[in-house]
Amino acid sequence: MKKLLTSLAAFTALTAAASAADLPRRAAPPVFTPVPVFTWTGFYAGLNAGYGFGVEDSLAPTQVVTIDRRVVGGPVGAIAGFAFDNGGRSDGFVGGGQIGYNYQFTPGSGVVIGIEADAQYADLGGRFGRNGGCGTGGIACAVTPGGFVQPGVTLINPTGLQGLDFFGTVRGRIGYAFDRVLFYGTGGFAYGSFGGGRAVDTDDFKTGYAAGGGVEYALPTDSFLNFFRSSAVTLKVEGLYVNFDGNNSRYGFANANGVIVTATPLAAVGPGTSSVILNNTARRDVDFAVIRAGLNYKFGSY
């Protein structure tokens, strides 16, 4: 009897062990690695290029008459007249670089604020009538008998965007991000230099404002454009309106061996006036629009 009970106990133990071996093992819980949520927060720098054009342009030539002896030589009282062909629209290439910083309140989708500064080369002088000598670049001259234009004089269109060489802006930005797509508006301070050292007037550095908007898209971090291993590469398309304060313009029309010679609008002519601008005096054309594309490298938060 004892042997029977002992055998039964041993059989029961072996059966329990075998059943336990057949039970599935409890696996360790899987480890989940959170996917980083994209944010626009961070510093960035990049390049841009595009097209700029005058908002208001006149096809009529700008006309100046002068008896200034720094410009016209010959008999006393010799008169010279100049006509600057404005060549239709003042338009052309713009390009430069920008730096800035964005802050996104909620990663993923949310409000984004920032600040951006840019500096731009501009060639908005049009094809004709920017600067040069008689018979060149769309500049026509007429001088009374015996008179002549003094050697070394460079004639410069006294109106419009003909002399804009570079400009820049410092602007705030505010927008809304849908993950990697950002729609934004922008506005702020603008500055520009006219004439490249041969000022179109004696106030060759102007200030004003800029306003516009755009859309920007962030490429994946492993994009082939990410040469600098930045946290993101972004592409943008942007439109800007730029307006410079032209109230202080004094209509310089000639560089006489380093001296800027100015003209007086016909309506303001008085005693001692030696040079008169006959038309387009209300048309300063110091406002223009820019459409440009840009590429930025963002550094900072992912």
Taking the side chain as every heavy atom from C-beta outward, state whether Phe253 and Thr262 have any atom pair closer than 4.5 Å. no
Mark yes or no for whether Ser231, through its side chain, and Lys298, through its backbone, hold a donor-acceptor pair below 3.5 Å.
yes
Is a side-chain donor or acceptor of Arg180 paired with a backbone partner of Leu219 at a separation under 3.5 angstrom? yes
Kindly say whether Val276 contributes a backbone atom to a donor-acceptor pair with the side chain of Thr273 at under 3.5 angstrom?
no
For Tyr176, the side chain to side chain donor-acceptor pair (under 3.5 Å) test, sequence neighbours excluded, returns none
Centroid-to-centroid, Phe288 to Phe167, below 6.0 Å? yes
**Asked** Can Glu238 and Tyr184 be counted as having a side-chain donor-acceptor contact under 3.5 angstrom?
**Response** yes
Does a donor on one side chain and an acceptor on the other come within less than 3.5 Å for Asn296 and Glu216?
yes
d(Ile277 CD1, Thr66 OG1) to nearest 0.5 Å is 12.0 Å
- Item | Crowding at CD1, Ile291 (>12 non-hydrogen neighbours, <6.0 Å) | no
- Heavy-atom side-chain proximity of Leu266 to Leu278 below 4.5 angstrom: yes
d(Ile174 CD1, Phe183 CZ) to nearest 0.5 Å is 15.5 Å
d(Arg173 CZ, Thr186 OG1) to nearest 0.5 Å is 6.5 Å
Value for OG1 (Thr62) from OH (Tyr251), rounded to nearest 0.5 Å, stands at 10.0 Å
For residues 71-84, which side-chain N or O atoms pair as donor and acceptor with protein atoms under 3.5 Å away, sequence neighbours left out?
none

Would the distance check show the side chain of Trp40 and the main-chain N or O of Ala218 forming a donor-acceptor pair, the cut-off being under 3.5 Å? no
Q) Judged by atom type as modelled, is there a donor-acceptor pair below 3.5 Å linking the side chain of Asp123 to the main-chain atoms of Val94? A) no
By side chain to side chain donor-acceptor pair (under 3.5 Å), Thr169 pairs with (sequence neighbours left out) Asp118, Arg171
For this session: Compute whether any side-chain donor of one residue and acceptor of the other, for Thr41 and Gln104, lie under 3.5 angstrom apart.
Result: no
*Any donor-acceptor N or O pair under 3.5 Å, side chains Asn48, Gln120*: yes
Result for ring pair (Phe, Tyr, Trp, His ring centres under 6.0 Å) between Phe43 and one of Phe299, Tyr101, Tyr103 points to Tyr101
To the nearest 0.5 Å, atom CD1 of Ile67 lies from atom OG of Ser274 at 6.0 Å
Minimal heavy-atom distance between Ala190 and Val242, with the atoms involved, is CB-CG1, 3.9 Å
CD1 (Ile156) and CD1 (Ile260) are apart, to the nearest 0.5 Å, by 5.0 Å
Considering only heavy atoms from C-beta outward, does the side chain of Leu155 approach that of Cys134 to under 4.5 Å? yes
Requested in this report: Output yes when a side-chain donor or acceptor of Thr234 lies under 3.5 Å from a complementary backbone atom of Tyr217, and no otherwise.
Outcome: no
